[in-house]
Amino acid sequence: MNVVILAAGMGKRMQSALPKVLHPLAGKPLLQHVIDTARLLRPSKLCVIYGHGGAAVPEMVAKLATSGEAPIDTALQQPQLGTGHAVMQAVPQLDETVPTLVLYGDVPLTTSDSLRRLVDAAASDKLGILTVEQANPFGLGRIVREDGRIVRIVEEKDASETERAIREINSGILVVPTRHLKRWLAALSNNNAQGEYYLTDIVAQAVADGVEVVSASPAGEWEVAGVNSKVQLAELERRHQLNIANALLEKGVTLMDPSRIDVRGELICGRDVTIDVGCVFEGRVELADGVTVGPHCVLVNAHIGAGAQIKPFCHIEQATVGPKSQIGPYARLRPGTELGEDVHIGNFVEIKNSQVAAHSKANHLAYVGDATIGSRVNIGAGTITCNYDGANKFRTVIEDDAFIGSDSQLVAPVTVGKGATLGAGTTLTKDAPAGKLTISRAKQMTIEGWSRPVKKPK
Ligand code: UD1
Ligand code: CA
């Protein structure tokens, strides 16, 4: 099958410099949703019609094309003279021996199941239209039937009063035998209220040529909902997020409130996972069995091991958290963080590009960057790895069972040996030997006979 995606419209009502089809829904451009769905149907040809927005649309498509197996073509529609004119731009690229499915770049949530049903209903010789009954069909093309059979589509602006009362609408998505499509497109005229070449006029031509016209309906109205404004984009975002939340619930994930979760990518959950309100998941996030995520956490491309607890207000990005670990509240794990089993990272602790082995703890107010930390290490409050000299970055190594006293600075490159102890307030500039107490601190003294100054009487 050929798939043509119409994405040339300007999207004026978005009030934005960004072309409409590039606005993100669930963190992914609208057009990419459509392309991803189209690819599930394994089309032999996939062509995106673009126009407004300059090179941005074809550039995005080119990027996607390199990430998938099948190529994606683009065709420029300039000027935009209607949906029929848009499909004409793809004609030279279409394979005549298979049907052509037309999708819209601004209708992101159609499921591949619904498209499959439409394509199956049309087989190789019929014209198939995805239609839906709408309480308020204003502005949309109406499906005109006679004795139950579709005879044509009439646009709102061209419709009579009786036709405007029809509630079955044209989603715009249709599938057509390609050899007929080419002929019918060539015969289109723009003699209508909008002076456009309407793709929908091919329906009457099909009927005149004795080609059967069939319809299929999606499972939900939202599947054919288009985005024309930020209001509609926000509505579809919530709908999509609710669908994702429901799918998670079906798989046994506990969501404290399914209307307060945002998944912008792929969230993979094991058994008995609990997610509290206000969490955002981006990229690919895996939560293993028994993980709990507290309220208002952001997880980006992360793996959280079985039984780990992520407490409220954590930010975790490109990081691995070992099983049974406890993170937060208010912890930040930056890219390259790899935590072993039962690691405790507490409030206002930032970890970057560091490995922390099993049972180690940094419970309060610390920065650990470019460090390799062994097992059962205790990092005191206020500890800082000074990994950057303003030009280059260096590593800190802390071996097993070391104890880092509070408010220590470890000036990298530096190593703390196995079982070593650093006294509180140490500024470590040379390696600390294993098993010994190292301390860098001015000796404490008490001044005898000193008295506190007092205010002079006025
Ligand atoms: C079209 C249908 C209408 C249907 C409605 C569903 C026609 C004539 N009418 O309405 O029956 O109910 O969609 O939303 O087909 N586009 C181009 N080039 C153009 C014009 C449009 O690429 O020259 C693209 C737009 O970017 C958009 C899609 O086609 O993705 C639909 O265009 P839009 O103007 O929103 O729809 P209508 O023509 O009003
Ligand atoms: Ca239009």
Side-chain angles (χ1 to χ4, degrees), residues 3-14 18-23 25 29-35 38 47-53 56-58 61 74-91 101-110 127 129-134 136-144 150 152-159 163-164 166-174 176 181 184-185 188-205 213 215 217-218 221-229 232-233 236:
V3 173
V4 177
I5 301 175
L6 305 192
M10 125 163 93
K12 209 167 154 190
R13 283 162 60 198
M14 295 298 279
L18 190 68
K20 175 164 76 174
V21 293
L22 298 188
H23 281 264
L25 181 127
L30 295 172
L31 178 58
Q32 194 179 339
H33 283 270
V34 183
I35 289 174
C47 181
V48 174
I49 310 298
Y50 71 100
H52 274 279
V57 173
V61 170
T74 54
L76 175 66
Q77 186 200 13
Q78 192 69 272
Q80 284 95 45
L81 303 178
T83 49
H85 179 254
V87 177
M88 282 178 211
Q89 312 311 308
V91 160
L101 173 68
V102 177
L103 302 177
Y104 287 14
D106 56 3
V107 179
L109 298 185
T110 324
L127 193 163
I129 309 169
L130 197 64
T131 76
V132 70
E133 290 269 342
Q134 245 168 31
N136 177 15
F138 180 79
L140 296 163
R142 308 297 206 286
I143 305 293
V144 182
I150 298 175
R152 62 197 172 89
I153 295 175
V154 62
E155 294 303 302
E156 171 87 27
K157 286 184 177 139
D158 302 287
E163 287 165 339
R164 280 182 193 166
I166 298 171
R167 299 217 334 244
E168 187 185 8
I169 62 96
N170 169 32
S171 69
I173 293 169
L174 43 78
V176 203
L181 176 67
W184 295 336
L185 286 176
L188 287 183
S189 90
N190 63 353
N191 183 18
N192 52 52
Q194 303 185 76
E196 286 182 8
Y197 294 92
Y198 291 168
L199 177 62
T200 43
D201 284 349
I202 66 171
V203 176
Q205 294 193 60
V213 182
S215 66
S217 290
E221 227 180 80
W222 46 268
E223 283 195 47
V224 299
V227 172
N228 295 301
S229 65
Q232 290 172 343
L233 180 61
L236 271 197

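Whatever order the structure lists ligands and atoms in, that order sets their numbers, starting from 1.
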NZ-CZ distance between Lys20 and Arg13, expressed to the nearest 0.5 angstrom: 8.0 Å
Nearest neighbour of atom 1 (C) of ligand 1 from the list Tyr198, Tyr50, Tyr104, on a heavy-atom basis: Tyr104
Contact with ligand 1 for Gly226, non-hydrogen, under 4.0 angstrom: no
Closest approach of Ser217 to Thr131 (non-hydrogen atoms, all atoms of both residues): OG-O, 3.2 Å
Part of Leu81 within contact of ligand 1 (heavy atoms, under 4.0 Å): backbone
Min side-chain heavy-atom separation Val87-Ile49 under 4.5 Å: no
Atoms of ligand 1, numbered as shown, that sit under 4.0 Å from any heavy atom of Asp106: 27 (C), 30 (O)
Ligand 1 to Gly141 polar contact by distance, N or O atoms, under 3.5 Å: yes
Residue pair Val48 / Ala7: nearest heavy atoms and the distance that separates them: CG1-CB, 4.2 Å
Heavy atom of Ile169, distance to ligand 1 below 4.0 Å: no
Which residues share a side chain to side chain contact (heavy atoms under 4.5 Å, CB included) with Thr110, sequence neighbours left out: Val107, Leu115, Leu130, Ile173, Glu223
Option of least heavy-atom distance to atom 20 (C) of ligand 1 (set: Gly84, Gly172, Gly82): Gly82
For Leu6, the ligand 1 atoms whose distance to one of its heavy atoms is below 4.0 Å: 22 (O), 24 (C), 29 (O), 30 (O)
N or O pair under 3.5 Å between Ala8 and ligand 1: yes
Side chain to side chain contact (heavy atoms under 4.5 Å, CB included) involving Glu221 - partner list, sequence neighbours excluded: Val132, Gln134
Contact check: Gly9 vs ligand 1, nitrogen or oxygen atoms, below 3.5 angstrom: yes
Ala86 neighbourhood, listing ligand 1 atoms whose heavy-atom distance to it stays under 4.0 Å: 17 (C), 18 (N), 22 (O)
His52 side chain near Gln80 side chain, heavy-atom distance below 4.5 Å: yes
Pairwise side-chain contact, Leu188 with Gln205, heavy-atom cut-off 4.5 Å (strictly under): yes
Proximity to ligand 1 by part of Gln77, non-hydrogen separation under 4.0 Å: side chain
Proximal ligand 1 atoms for Ala7, defined as those under 4.0 Å from one of its heavy atoms: 22 (O)
Min N/O separation Leu199 to ligand 1 under 3.5 Å: no
Heavy-atom pair with the smallest gap, counting every atom of Val57 and Tyr50: CG1-CB, 3.7 Å
Atoms of ligand 1, numbered as shown, that sit under 4.0 Å from any heavy atom of Ser171: 6 (C)
Non-hydrogen atom of Glu155 closer than 4.0 Å to ligand 1: yes
Heavy-atom pair of closest approach, residues Pro108 and Val34: CA-CG2, 4.0 Å
Nitrogen or oxygen atoms of Asn228 and ligand 1 under 3.5 Å apart: no
Among Glu168, Glu163, Glu156, the one residue meeting side chain to side chain donor-acceptor pair (under 3.5 Å) with Arg142: Glu156
Nitrogen or oxygen atoms of Thr83 and ligand 1 under 3.5 Å apart: yes
Winner among Val154, Leu140, Thr200 once heavy atoms are compared against atom 5 (C) of ligand 1: Leu140
Shortest non-hydrogen contact from Asp158 toward Ala193: OD1-N, 2.7 Å
Whether Ile49 lies under 4.0 Å from ligand 1, heavy atom: no
Check: Glu196 N/O within less than 3.5 Å of ligand 1 N/O: no
Nearest non-hydrogen partners of Gln232 and Val227, listed with the distance: OE1-C, 3.6 Å
